[in-house]
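Only one structure is covered here, and it is reproduced in the block below.
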Amino acid sequence: MLKEKISYGLGDFACNLFFTMFTSYIMYYYTDVAGIGLFAAGAIMAVSRVVDAFADPVIGRLVDRTKSRFGKARPYILWMLIPMCVMNVLVYSVPEVSGSARTTYAAVTYILFSVTYTFLNMPYTSMLASVCTEDKERLSFNMFKNILANSGAFIVSGLTLTLVHFFGGQNTGRGFTCTAALFSCIAAVMLFICFKNTKEKVVCDSSDMSFRASVGVLVKNRPWIRLCLICLLTFITLIARNQAMIYYAKYYLNRENLSSVLLGITNMIALPCALSIPVIAGKFGKKKVLAVSHMLICLSAFGIFIFDTNIPVIIGMTCIGSAGFSLATSLPFVMLADTIDYAQSQWGIRPQGLMTSIFGYMAKLGIALAGIFVSAILSFGGYVDNTAQLPSALNAIRFAYVGIPMMLSAVTSVLSLKMKDVSAV
């Protein structure tokens, strides 16, 4: 069982090599490296989410209707391993061509990256509901998932810019391409191990389940609906903070390298937090712990806002916020498995793929909205890449980094407290 838990966690280690680099650096790569304007970058993200709105439910239905000797979700890890690694390189390989051609290339690769990632990550995520049934075991599987996910994120956060400079020197674009290629090679090995050493133990035959029946269950499943809203707000908060972080460090604090430190802290703090989740969630209940996690995020943003450019305080508050984000981004995935069980117990059907795909879409929609909000706020403030910023631009950067997280985490904390607990915890 330990081997299986570690192998399952390696899947999210691999996914976070893709995800963390994408969510933390893609905006910066587009604006300051590839020369794609803020408006165009925001538009690309918006169009991608429109595509996902159609693609994600299709992927969910495919998983629900899949029959194979490997299970329903697990085979997608094997099938999508190579395509995902290829797209991870291509998205950071914007060619030096005319402006419109660059934007078109970025849009196509961004959309394909997002769809490919969903084909890989959504089935992987849904496996938590089928690798085991007991609540304590799910928390244990999720603990290994979080530890290894944050280990992958820690590597990306701490080493990306260093590797970019190592591989690219003065050619930052080449540095990003080579760094993405290195992470892809590592991820390929981890994903294969995940596929080889895991097994779906709960596999219900849902191939004959109608789409109408599945949607009917989703509409009635209020805990799942609230969880999807929480997921949306959580990822807007997280990604707005992460994407604004490099701008905040580079222009507001005049310490560009500090962004790697702050991102590294986020993932370093997440490791001990992941170990504590089974204990504290078992003692206090998942929804209470989730609410407290967002309170910590709010407190962290407020502290950074108050103490402004005080680096030691910023680092301290980042530690507090990182503990909050660790809990806030991990618990919903266990709670998602609970809502899937709840659907089966209440209405007799288990639309696992569809429920997971729409939940995952909320995360991706949050990522896109965060990108749109950050780009719009910076553009409104008069941001100009690679130059000294006007006071209005600096205020815009500051608002994106602390204002959005402060407001949204307060709202999400209240939503978490009001959510019905459908688990055994």
Non-hydrogen atoms of [X] and [Y] that approach each other most closely:
X: Phe13; Y: Met190; value: CD2-CG, 3.6 Å
X: Gly371; Y: Met45; value: CA-SD, 3.6 Å
X: Gly381; Y: Ala396; value: CA-CB, 4.0 Å
X: Val91; Y: Asn88; value: CG1-O, 3.5 Å
X: Thr103; Y: Ala40; value: CG2-CB, 4.1 Å
X: Leu38; Y: Ser379; value: CD1-N, 3.9 Å

Within the structure provided, determine whether [X] and [Y] are in side-chain contact (heavy-atom separation under 4.5 Å).
X: Ile269; Y: Phe325; result: no
X: Cys228; Y: Met355; result: no
X: Arg255; Y: Val261; result: no
X: Asn146; Y: Phe333; result: no

**Request:** List the steps, then state whether side-chain contact (heavy atoms from CB on, under 4.5 Å) holds for Leu62 with Phe119.
**Result:** CA-CA 10 Å; Leu62 283 174; Phe119 262 101; 4.0 Å; yes

**Message:** Before you tell me yes or no, could you show the steps for Tyr110 and Phe22 under ring pair (Phe, Tyr, Trp, His ring centres under 6.0 Å), namely the whole-Å CA-CA distance, both residues' side-chain angles and the distance that decides it to 0.1 Å?
**Reply:** CA-CA 10 Å; Tyr110 186 101; Phe22 190 70; 4.9 Å; yes

**Item:** With Tyr252, the side-chain hydrogen bond (donor to acceptor under 3.5 Å, both in side chains) member among Asp308, Thr309, Asn395
**Value:** Asp308

**Thr339 and Leu336: CA distance, side-chain angles, deciding distance, side-chain contact (heavy atoms from CB on, under 4.5 Å) verdict** = CA-CA 5 Å; Thr339 63; Leu336 171 65; 3.9 Å; yes

Ring centroid separation [X] to [Y] under 6.0 Å:
X: Tyr383; Y: Tyr251; answer: yes
X: Tyr401; Y: Tyr247; answer: no
X: Tyr124; Y: Tyr8; answer: yes

**Asked** Can you tell which of Ile155, Val156, Leu161 makes a side chain to side chain contact (heavy atoms under 4.5 Å, CB included) with Leu159?
**Response** Ile155

**Prompt:** In terms of side-chain heavy atoms, does Ser259 have a donor or acceptor partner in Lys250 at a distance below 3.5 Å?
**Reply:** no

**Prompt:** For Thr66 and Tyr76, does a side-chain donor sit closer than 3.5 Å to a side-chain acceptor?
**Reply:** yes

**Request:** Would you check if the side chain of Lys201 reaches a backbone N or O of Val131 as a donor-acceptor pair within less than 3.5 Å?
**Result:** yes

**Prompt:** Using 4.0 Å as the upper bound for N to carboxylate O, is an ion pair formed by Lys287 and Asp338?
**Reply:** no

**Asked** Under a 4.0 Å N-O cut-off, is there an ion pair linking Arg350 with Asp64?
**Response** no

**Asked** Hey, mind stepping through Ile306 and Met317 against side-chain contact (heavy atoms from CB on, under 4.5 Å) and telling me if it holds?
**Response** CA-CA 11 Å; Ile306 292 297; Met317 288 297 167; over 6 Å; no

**Derivation of the side-chain contact (heavy atoms from CB on, under 4.5 Å) call for Lys72 and Gln352** = CA-CA 10 Å; Lys72 300 176 72 66; Gln352 177 175 327; over 6 Å; no

**Request:** Examine Arg398 relative to Tyr248 and say whether NZ or CZ is less than 6.0 Å from the centre of the six-membered ring and inside a 45° cone about the ring axis.
**Result:** no

**Item:** Pairs involving residues 404-417, ordered by first then second residue, that meet side-chain hydrogen bond (donor to acceptor under 3.5 Å, both in side chains) (sequence neighbours left out)
**Value:** none

